[in-house]
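First comes the structure, then the notes that go with it.
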Amino acid sequence: MNKSELVKLRQDHVVKGVYTLLPAMIAEAKGAVVRDVEGKEFLDFSGGIGVLNVGHCPDEVVEAIRDQAGKYLHSCFMVQMYEPYIALAKELNELVSPISPMKTMFVNSGAEAVENAVKIAKYHTRRPGILCFENAFHGRTAIGMSLTSKVKYYKYGFWPFSPEVYRVPYAYCYRCSYNLTYPSCNIYCAEFISEKFFDLYAAAESIAAIIIEPVEGEGGFIVPPKEYLGRLQNICKDHGIVLIIDEIQTGFGRTGKMFAYEHSGVEPDILITAKSLAAGMPLAAVTGKAEIMDSVENGGVGGTFGGNPVCCRAGLAVLKILKEKRLVERANEIGKKIMEKFHSFSEKYPFVGDVRGLGAMNAMEIVVDKKKSKPDGDLAKAVVKRCYEKGLIMLTAGGFSNVIRHLVPLVVTDEQLEKGLKILGEAMAEQVE
Ligand SMILES: *Cc1c(COP(=O)(O)O)cnc(C)c1O
């Protein structure tokens, strides 16, 4: 079947709400390259939205999946236990803290991990409230959607939302909600929580958890000042609030550290991971301090498929590849090259309002005019469309869909990286013609 026939069939049989920005139709993939059903090659700088830090189909992962598939596909960990689940839990625990005792449970998706982290924090603290942030994205399930910031089309019409969810501004310096400037603001957005929020919105004693992305992903790759997370951690410590760090998008080397929270020297009480954990196999983890995680009684959390053995074997292979190929270090090299290029675009084009990034998580915010910073989502979309036509898959993001971003596999070669950035440059240049 050719591509246009497949696109037509997709329109006829697959729901519209599961939106596809580009008419891309993959046939096979390896590393940072995909081939579509017509044999055309693309550089994939989307990595399946941050899932493929180790690239498409690494040999070690494919081999582990094949091997496990020949042994057993499923038993349900709550019925019959198995080594891959236990081994991966141990590795994650040791990655998060080699000193304090950590525990891990597995589920099938990022959103499900968010749900479980929130459940555990509520049970542990016996408190109902969750504090989250503007421009946050935490998934599409009931609690995940409630914690998510962007209204259309993630929330609007899907009422009611989970109660006791409170939202405050994130440290989004380019569009500061308080119209302040860093560093003279002294991170007022964090101070606001202790100075005002607990008096005017919800008592600290009623807040179970603060849930935060160390760099906001879908919200537009928003990198807060280094001290921000530490300030939030202090608030949590002062009030017995659980700090849930959502590293579903930032985890596994993306930001130039294994986890992005390491940049600010904080420790999560609970860490949520998914996306790049298992190279595309559906797997997510909730890793947290043992005394918090084990406060839940027998049967209080779990699931039929969670921690599927094939997925866990893939996850073990991913961690091995990250280490052996030194991909965490590589993320910094990639990010440096991309940031240089993005800054050169910013000098050249009045529609690049902001350039930001951490490690290999880099973005440009597209605006009507630098001086006014009014978002231009159509222009961002037009650039990404042009990139696709020229053989490069990029992504947009942001509350106003006006951020151009990439989540390139960290196995990308320098040559591929240069080629991709050249295409992006051409697509940008066309917008001023
Ligand atoms: C993608 C994402 C989620 C949701 O994960 P799903 O697997 O799509 O449910 C939650 N939080 C963050 C930060 C994400 O990037």
Side-chain angles (χ1 to χ4, degrees), residues 15 17-21 46-53 105-119 121 130-150 153-155 158 162 165 167 170 172 209-224 229 232 243-255 259-261 268 270-287 303 305-308 311 314-315 318 357-363 395-399 401 403 405-408:
V15 297
V18 181
Y19 179 66
T20 319
L21 179 68
S46 76
I49 314 193
V51 170
L52 303 169
N53 285 0
M105 67 173 284
F106 293 109
V107 287
N108 308 293
S109 70
E112 206 187 336
V114 168
E115 300 274 327
N116 279 281
V118 166
K119 271 175 72 177
I130 306 290
L131 184 55
C132 60
F133 295 87
E134 276 178 13
N135 286 292
F137 181 83
H138 297 292
R140 299 166 191 274
T141 53
I143 293 178
M145 162 184 79
S146 302
L147 297 169
T148 289
S149 185
K150 192 171 177 172
Y153 292 100
Y154 292 149
K155 305 176 70 157
F158 299 123
S162 181
V165 167
R167 190 178 309 284
Y170 191 83
Y172 185 4
I210 293 181
I211 184 167
I212 187 154
E213 298 159 84
V215 176
E216 287 190 321
E218 298 306 296
F221 281 22
I222 302 164
V223 187
L229 268 190
L232 296 179
L243 179 63
I244 302 174
I245 301 190
D246 180 345
E247 295 243 14
I248 291 172
Q249 193 155 154
T250 49
F252 304 108
R254 175 54 51 189
T255 68
F259 299 114
Y261 70 77
I270 297 179
L271 175 77
I272 318 171
T273 54
K275 293 203 164 95
S276 268
L277 170 57
M281 298 300 283
L283 184 67
V286 187
T287 301
F305 292 121
N308 170 277
C311 301
V318 164
L358 190 62
M361 200 167 177
N362 323 94
L395 295 167
T396 56
S401 310
V403 174
R405 61 161 168 168
H406 76 89
L407 285 157
V408 71

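Note that ligands are numbered from 1 as they come in the structure, with each ligand's atoms numbered from 1 the same way. Keep in mind that what you see is a predicted model, and the values were worked out from it rather than measured.
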Does any N or O in the side chain of [X] come within less than 3.5 Å of the main-chain N or O of [Y], such that one atom is a donor and the other an acceptor?
| X | Y | answer |
| --- | --- | --- |
| Arg167 | Phe133 | yes |
| Ser276 | Phe252 | no |
| Thr148 | His138 | yes |
| Lys155 | Lys150 | no |

Item to check | Pair Tyr154 and Phe137, ring centroids less than 6.0 Å apart | outcome: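 Yes.
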
Next on the checklist: List the residues meeting ring-ring contact (aromatic ring centres under 6.0 Å, His included) with Phe221, not counting sequence neighbours, and say none if there are none.
Outcome noted: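 For Phe221 there are no ring-ring contact (aromatic ring centres under 6.0 Å, His included) partners, ignoring immediate neighbours.
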
N/O contact list for ligand 1, threshold under 3.5 Å:
residue, atom, partner, partner atom, Å
ligand 1, 7 (O), Gly110, N, 2.7
ligand 1, 9 (O), Gly110, N, 3.4
ligand 1, 9 (O), Ala111, N, 2.7
ligand 1, 11 (N), Phe137, O, 3.2
ligand 1, 11 (N), Asp246, OD2, 2.8
ligand 1, 15 (O), Gln249, NE2, 2.8
ligand 1, 15 (O), Lys275, NZ, 2.6

